[in-house]
Amino acid sequence: MDIQITNDIKYIGVDDHDIDLFEGLYEVPGGMAYNSYVILDGKIAVMDTVEAHFGEEWFRKLDAALAGRTPDYLIVQHVEPDHSANITAFMDKYPGAVIVATQQAFKLIANLYGTDYAERRMVVGDGAKLELGRHTLTFFAAPMVHWPEVMMTYDSADKVLFSADAFGKFGAQDYDDPEGWACEARRYYFGIVGKFGAQVQALLKKLGSVELKAICALHGPILTGDLSEYLNLYNTWSSYGVETDGVVIAYTTVYGHTREAAEYLEKKLRENGVGRVVVTDLARDDEYEAVEDAFRHGKLVLCTTTYNGGVFPTMRTFIEHLTDRGYQKRTVAFVENGSWAPMAAKGMRAMLEGMKDLTFAETAVKITGALTDESRAQLDQLAKELA
C-alpha cells in the first residue's frame, strides 16, 4: 500500500492477511499491519523493521524509497520480534549503518539476535536528540508501553510522532474497518498495554509539550488531522476512566438457567432506563472483546454458575484477564447459580478484592437452579440499584 506521510517521510510497512492470532491470543479478522518508515534527509533514518516473514517485501519497499541512497541509522523503538526481526539482515546489508536505541533495547537485541552491535550503536535516553539535517529527532523514553525498552521518536520538522506500539490497533493498513479506529484500538490497548496505565499517563504528560500533526504507530493506520480524539481516548483508557455509560453483563451457563438470568436482568435494566447494556457469553464470545467492554463501561455484572465448589472456569479466566490489567474504578455486581450450594459469588469477590476503587453492589443475586419469583425479585432489585 502506497502511503506518504510527508515529503520526506515514507511508509515502508507491510500488511499481514495470513495471521490468525496476534501474539497467539487475539483474533484479527482484519489482518495486521507491521509499520515501518524512512526519513529522507541529509542523513537517512529507518524507523524499525517488520515481522520476519515479510523481510523481502520490506527490503523492496525500503530500496524503492531510498532510490539508490544508503541509510545512516536504524532507529529501534521496540524490540518485539514483529518489529525487529530484520535487524540482522539490515545491518548486514548496510555495513555503515548505526542502530539507535535505548540501553535496555540493546540487551534485548543481544538476547534475540546474538549481538548488541557494540561497535555500531548509539545509545540514547529520554530527551536525546539526533540531527538528520532539516529533521531533528527527539527521543522519549516510554518504558512498559508496553515493553521495558520502548522509546518514541518525535520529528520537530514535520511534527510527527513515531509512537511505537502506542496508538496502534488491530487491522491491516488496507482494512476498511466499518467501526472506525476506536473499537479495535480499544481492544488492542486493553489487551496489550492495559496493565501499564501509569506509564501511559507519564508518556502523555511528556507529549503535552509538543505540537503533533501525525502519529505513526507500529500497528494500524497513520493518524492525521484532529488528533484530540486519539489523545483523549488514550487519556481515558490509561487513567481507567469510564468511556461509555452502561452496564456489561458477562455470564457463563451450563443448562441455560444462568443465561436466562442474564437476559432477564438485561430486560429489567432497559426498563429502568439504562440505555446501553452489553451481554456477553464468556464461553462463546471473544473473551478479549469482553475485556474491552468491561474497561469501556462503568458497571459490570458477573453472572455465573458454581463449579467444583468455586467459580466456573471461563468466568475465572475472564476475571484473571481483568485483574492482570489492573481493573479499577468500576461498580461490580454478582449473580451466582448453584443447584445445591451456590459458592461462585464468594470466589469472584475474593478474586477482585485486591483491585483499586471497586464498588460492589449491595444486591447479591442467588439462584438455585432455575429462576424463581424470589430470584427474579432479586434481579429486579439489582437492576434498580445499577440504574
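Heavy atoms only: backbone and side chains are in, while hydrogens, waters and symmetry mates are out. Position 1 is the first residue of the sequence; numbering continues from there.
The number of heavy atoms from other shown groups lying within 6.0 Å of CD (Glu362) does not exceed 12. For Asp176, the CG atom sits in a loose shell: 12 or fewer heavy atoms of surrounding residues, nucleotides or ligands are nearer than 6.0 Å.
Counting all heavy atoms, side chain and backbone alike, Asn86 lies closest to Val50 at ND2-O, 2.8 Å.
Side-chain contact check for Tyr175 versus Phe170: every heavy-atom pair is 4.5 Å or farther apart. Between Asp286 and Arg187 there is a side-chain heavy-atom pair separated by less than 4.5 Å. Val46 places a side-chain heavy atom less than 4.5 Å from the side chain of Trp58. Counting heavy atoms from C-beta on, the side chains of Asp82 and Met32 never come closer than 4.5 Å.
Checking Glu149 against Thr102 by side-chain atom types alone, no donor-acceptor pair falls below 3.5 Å.
Two rings, from Tyr230 and Phe167, have their centers 6.0 Å or more apart. Taking the six-membered ring for Trp and the full ring otherwise, Phe90 and Tyr94 have centroids separated by under 6.0 Å.
Taking Gln4 as the reference, Asn7, Lys10 meet the side chain to side chain contact (heavy atoms under 4.5 Å, CB included) condition, with sequence neighbours excluded.
Arg121 forms a cation-pi arrangement with Phe106, by the criterion of a distance under 6.0 Å to the ring centre and an angle within 45° of the ring axis.
Across Leu130, Ile99, Ile44, a single residue satisfies side-chain contact (heavy atoms from CB on, under 4.5 Å) together with Tyr73, and that is Leu130.
Below 30°, between 30° and 60°, or above 60°: for Tyr189 and Trp237 the angle between ring planes is between 30° and 60°, a tilted geometry.
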